[in-house]
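Numbers here simply count residues along the sequence, with the first being 1. Not measured: the values here are computed from a predicted model. All ligand and atom numbering here is 1-based and tracks the order in the structure.
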Amino acid sequence: MQSGRVHWSNRLAFIMAAAGSAVGLGNMWKFPYITGTNGGGAFVLIYLVCIAAVGVPIFIAELYIGAKSQSNAVQAFEKIHHQKSRWKAIGWLGLVSAFLILSFYSVVGGWILDFEYQSITGAFLHETDDQIAESLSVLFASQGRQLFWHGIFMALTVGIVMGGVKAGLERWNKILMPGLIVLLIGLLFYSFSLDGFQQSLQFMFSFDTSNLSGAGVLEAVGHAFFTLSLGMGAIITYGSYLKSTQKLGRTAVTVAFLDTAIALVCGIIIFSIVFSFGFEPSQGPSLMFKTLPMLFVKLPGAYFLSILFFLLVSFAALTSAVSLLEVVVAYWDEKHGTPRWKTTLLSGAVIYILGILSILSTNDWAEVKIFGLTFFDLFDKLTSQYFLPLGGLFISLFFGWVLGEKAVKEVFGDVSPFILKTFLWTSRVIAPAAVAVVMINKILQDFSG
Ligand code: PHE
């Protein structure tokens with residue numbers, strides 16, 4: 001083990017940090033809207049199966065690779081395997097994904113900050129329902145406002161990463177994460193009383209495959225990776241700040257459970273509003289921004305509620321953004337010995353500039369398309385649906401075939417040989433094959449259609 005490496009204070013702090021990475025815009029913004037565009041129930045079911053069958057095993061593999069190697073996402077493979085290991089390409093793909101994801105993630109984080117600002121000025125309170133529903137479109141039309149908030153979001157991310165993940169995050173995570181959970185449970189209870197509640201449950205949990213295409217299945221698989229922060233080294237990097245490889249299984253299950261529960265609760269709340277107010281479930285990225293403010297203005301304490309909510313969501317988004325940037329910074333620091341502040345600032349600046357492409361996608365360049373997608377959609381789809389699943393597939397193969405039985409024993413300790421074998425073959429064959437089949441299927445479909 002390297003001496004002087006910073007470690008999480010205790011297991012709880014680590015679980016909170018990993019959950020902080022996992023729980024973010026993926027749960028509150030992306031999951032509800034892609035459930036909407038993919039027709040509900042069948043999509044949710046596939047997503048849940050992926051979390052359990054593919055997500056959890058890969059989460060364990062990433063934690064193990066990090067904790068065992070005590071290294072960043074690229075060098076981890078060199079340390080565990082050998083200096084010239086080709087497996088480190090997984091780490092490189094992860095670095096590329098981190099840049100691309102953070103560039104659009106920070107733009108959406110900026111939208112949240114803008115809504116927080118509007119909550120503070122009380123803007124929503126004086127608006128009609130139609131005006132509230134148009135708030136995001138109004139924001140889209142303003143490049144200046146988006147550039148500003150994207151900048152603030154990126155600056156906050158850079159600030160936290162510069163201070164070191166541990167010092168920067170541990171303290172706040174312990175307060176704000178539970179805060180978010182309490183508020184969401186409160187909103188869930190409130191949504192019971194909405195007319196659209198029953199319909200929301202039906203939409204999310206009735207299994208109707210007629211709505212689902214190959215593209216939808218790939219989106220569900222991809223989202224399982226995105227929401228758990230898998231396939232790009234974030235969990236390897238966080239795992240490397242752990243002292244031991246023990247009890248990783250339990251940690252992975254806890255984080256996956258928390259992450260999934262939060263996504264489902266957000267979905268139920270948002271679709272209850274959708275069906276109560278007669279919105280379109282399939283309207284895309286604006287879904288959360290149209291529905292929630294609408295609910296808040298109707299509730300007692302609307303002013304404070306909305307401020308609190310967007311504050312907690314900004315925090316959830318920040319803790320995820322930090323884990324993305326940390327992948328890049330940890331690598332550069334450890335490999336090249338560059339001071340932390342330099343890499344953080346420089347990569348933050350590059351990502352900020354890259355993010356401008358996503359901002360332009362919402363206005364002037366809305367019609368500029370590559371493979372039929374705006375830059376925003378391209379970065380999102382390329383990473384969640386191709387890079388992350390591909391990274392995850394190889395991480396699973398690496399864990400199952402290169403590290404093998406010994407690693408599985410280290411993770412699980414004294415459990416029955418049946419469980420050991422099941423886990424081993426899940427990571428050797430089942431998880432990688434499932435991901436490969438879905439990706440190949442989609443590609444074949446694209447070519448034939
Ligand atoms: N898991 C985060 C979310 O759901 C996003 C993320 C993806 C973070 C990949 C780190 C790595 O918002």
Item checked: Aromatic ring proximity, centroids under 6.0 angstrom, Tyr238 and Phe14 -> no
Note to self: Residues around ligand 1, heavy atom under 4.0 Å from any ligand atom, sorted by chain and number. Can you pull those?
What the structure shows: Ser21, Ala22, Gly24, Leu25, Gly26, Asn27, Tyr105, Phe226, Thr227, Ser229, Met232, Ser320, Ser323, Leu324
Next item on the list: Give a yes or no on whether the backbone of His336 and the side-chain of Tyr331 come within a donor-acceptor separation of less than 3.5 Å.
Entry: no
Margin query: Centroid separation under 6.0 Å, is that true for the rings of Phe124 and Phe296?
Written below: no
Notebook entry, point to check: Does Phe140 have any ring pair (Phe, Tyr, Trp, His ring centres under 6.0 Å) partners at least two apart in sequence or in another chain, and if so, which?
Noted result: Trp111
Notebook entry, point to check: If you draw a 6.0 Å radius around CZ in Phe394, do more than 12 non-hydrogen atoms from other residues or ligands fall strictly inside?
Noted result: no
Note to self: If the threshold is 4.0 Å, N to carboxylate O, is there a salt bridge linking Glu78 and Arg86?
What the structure shows: no
